[in-house]
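The analysis underlying the following values was restricted to heavy atoms, covering all of them including side chains, and did not include hydrogens, waters or symmetry mates. What you see is a predicted model; the values in this text were computed from it and never measured. Just so you know, residue 1 is the first one in the sequence shown, and it goes up from there.
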Amino acid sequence: MSSTAVSPSVLRLTFVRHPGFLIPRPRHFRCKRHFSVSASACSDDVHRPVRVRFAPSPTGNLHVGGARTALFNYLFARSNGGKFVLRIEDTDLERSTKQSEEALLQDLTWLGLDWDEGPGVGGDYGPYRQSERNSLYKNYAHKLLDSGHVYRCFCTTEELEKMKEIAKLRQLPPVYSGKWASATEEEVQEELSKGTPFTYRFRVPKEGSLKINDLIRGEVSWNLDTLGDFVIMRSNGQPVYNFCVTVDDASMAISHVIRAEEHLPNTLRQALIYKALGFPMPSFAHVSLILAPDRSKLSKRHGATSVGQFKEMGYLPQAMVNYLALLGWGDGTENEFFAIEHLVQKFTIDRVNKSGAIFDSVKLRWMNGQHLRSLPSEDLTKLIGERWKNAGIIKESEGPFVNEAVQLLKDGIDLITDADKVLSNLLAYPLQDSLSSSEGRAVVEDKLTEVSASLLSAYDSGDLILALEEGPSGWQKWVKSFGKSLKRKGKSLFMPLRVLLTGKLHGPDIGSSIVLLYKAGKLDVVAEPGFITLEERIDMIRQIDWESLNPGGQPILEPAASISS
């Protein structure tokens, strides 16, 4: 094969300041032959509109890392009056599914990250799925072939593997040897006439370097001799990732590429393609990874990692957005609570940290509880009431019982799904278990039979029911009088009443709890099977075998019926 010299190229990028963001300005190039710089690439246009993109692959669920990347792009676009573009990178035909794409769109919508252009919205730069842009990729691949930046490579898989082995033996980087880089036109035509499969390889200069000023990481540079000629089109005609991304970002006029740091090595290949096609370079910002508490990369083994999972677990979208924003960013104050509109006002890319952010599920849960309880009362009641009805605990999602139950139980709810447990706990009546427990024994030994007898007497006389009909104020008056009659107050009064009427040793405010339990039975609102009404609880108290609970202890009082008669 004949030898064709490839001129070295030195690519250096500097950045100029623009209010709120940075615009790239190629400052100096020493370029010959294959890497001539077009006027557009050297433009000093600081008024370039801000256009950012989030480009997920529909091969699985939306990971929280991807969601944070989407959020940072969204906030950057909104804070700079720009456009947020959604592009689906579905060139991995074997793994990409329509179901995953739909789930991605639903998760982004749930988070409130509405896109200006993309699937379901349209726009002037579509189509917005890579699978629908193949003709565009082929056109640009042919342009690079015609200009000499790309050549046909007829190497077989076996030949490529042998090159890797030789490089390994020589302790060299496993880069392509350039076998077909210097082929003559006759040699290429001979292979084409035989129908030999070929790829398109990008011709990388053997000398030189690329330097960028990453908006998060600062200056980053690469030597070109570590790369080797790389494939941009496979032998089956499918474009590779780095080629697609560059063509898409350039043809969609993307001004800033904000993405995960794992894409940082791709920047070198993409920059070379930008320059070869004469496209202006976007500004790059590579966001740190989200780490688990052990500082390893967050993965499924650490628990929930996808947005859909957190949604199912009962998290609010506004809490997820708030927490994700704080993973690597802050406004410089102690404030930790932001609505999305406040994040738009505060967000700047220069306050994004380059160190990894720890995903703390405990803090996320706590933050969700704070957001949940800060909802307007009617919104919180509607949300939890519907949850209770859908869970089959109550028959109707609204009404006096729901209103009072939400107010009573909200402090114990951090996730929407917690609401099921706290209401079921309130409605449960595990009296026998509580009386038989070690903590319950102390209550029994404190003359619980005496309190029980007086309570039954108050119920039979109608005094207790009249008090409960009045609500919490009626209960307060009754319990004060009841305590005086027994010469009890504080814990010695309320603990036995709590055990007898709720069946539990601990719980929310006892007066509100008992009023609510009475109302639940009276209004017949509970759908959960096994609910024990106040009347049924009184009957169970009558049947308690106190001697078995307190053998050899305090004397057993006569039944309440005898006392009242």
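- A side-chain contact (heavy atoms from CB on, under 4.5 Å) with Phe243 is found for one member of Val231, Ile273, Val150, Thr91 and no other, namely Ile273.
- Using a 4.0 Å cut-off between charged nitrogen and carboxylate oxygen, Lys354 and Asp214 do not count as a salt-bridge pair.
- Judged by distance alone, the side chain of Asn73 and the main-chain N or O of Ile258 form a donor-acceptor pair under 3.5 Å.
- His371 and Phe337 have their aromatic ring centers within a separation under 6.0 angstrom.
- Arg152 places none of its side-chain heavy atoms less than 4.5 Å from the side chain of Thr199.
- For Arg95 and Ser57, the side-chain atoms include no donor-acceptor pair closer than 3.5 Å.
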- Message: For Trp329 and Tyr323: C-alpha separation, side-chain torsions, deciding distance, then whether ring pair (Phe, Tyr, Trp, His ring centres under 6.0 Å) applies.
- Response: CA-CA 10 Å; Trp329 174 87; Tyr323 185 69; over 10 Å; no
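- Stacking of Arg217 on the aromatic ring of Phe284 is not recorded, the 6.0 Å distance cut-off and the 45° axial limit not both being met.
- For the pair Arg269 and Phe230, the cation sits on the ring face: its NZ or CZ lies under 6.0 Å from the ring centre, inside 45° of the axis.
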- Show your reasoning for whether salt bridge (Lys or Arg N to Asp or Glu O under 4.0 Å) applies to Lys179 and Glu159. CA-CA 10 Å; Lys179 176 180 178 180; Glu159 287 179 299; 2.4 Å; yes
- Item | Lys311 vs Asp107, salt bridge (Lys or Arg N to Asp or Glu O under 4.0 Å): CA-CA, chis, key distance, verdict | CA-CA 9 Å; Lys311 179 181 178 181; Asp107 287 344; 5.5 Å; no
- Message: As a quick check of understanding, evaluate side chain to side chain donor-acceptor pair (under 3.5 Å) for Tyr151 and Asp229, giving each step before the final call.
- Response: CA-CA 10 Å; Tyr151 60 88; Asp229 296 351; 2.6 Å; yes
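- Of all non-hydrogen atoms in Asp331 and Asn335, the two that sit nearest each other are OD1-O, 4.4 Å.
- Proximity of the aromatic rings of Tyr200 and Phe198 is defined here by a centroid distance below 6.0 angstrom, and this criterion is met.
- In this pair, Tyr74 and Phe84 present their aromatic rings perpendicular. The plane angle is above 60°, beyond the 30 to 60° band.
- Between the CE atom of Met163 and the OH atom of Tyr176 there is a distance of 5.0 Å, given to the nearest 0.5 Å.
- With a 4.5 Å cut-off on side-chain heavy atoms, Arg259 and Val287 do not count as touching.
- With respect to the salt-bridge test (charged N to carboxylate O, under 4.0 angstrom), the residues Glu101 and Lys98 qualify.
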- Report the C-alpha separation of Arg48 and Ser283 in whole Å, then their side-chain angles, then the decisive distance to 0.1 Å, and conclude whether the side chain to side chain donor-acceptor pair (under 3.5 Å) test is met. CA-CA 11 Å; Arg48 188 179 182 189; Ser283 299; over 6 Å; no
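- When Phe338, Phe76, Phe72 are each tested for a ring pair (Phe, Tyr, Trp, His ring centres under 6.0 Å) with Phe347, only one passes: Phe72.
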- Task: Report the C-alpha distance between Phe310 and Phe359 in whole Å, list the side-chain angles of each, state the deciding distance to 0.1 Å, and finish with yes or no for ring pair (Phe, Tyr, Trp, His ring centres under 6.0 Å).
- Result: CA-CA 13 Å; Phe310 286 105; Phe359 191 90; 5.7 Å; yes
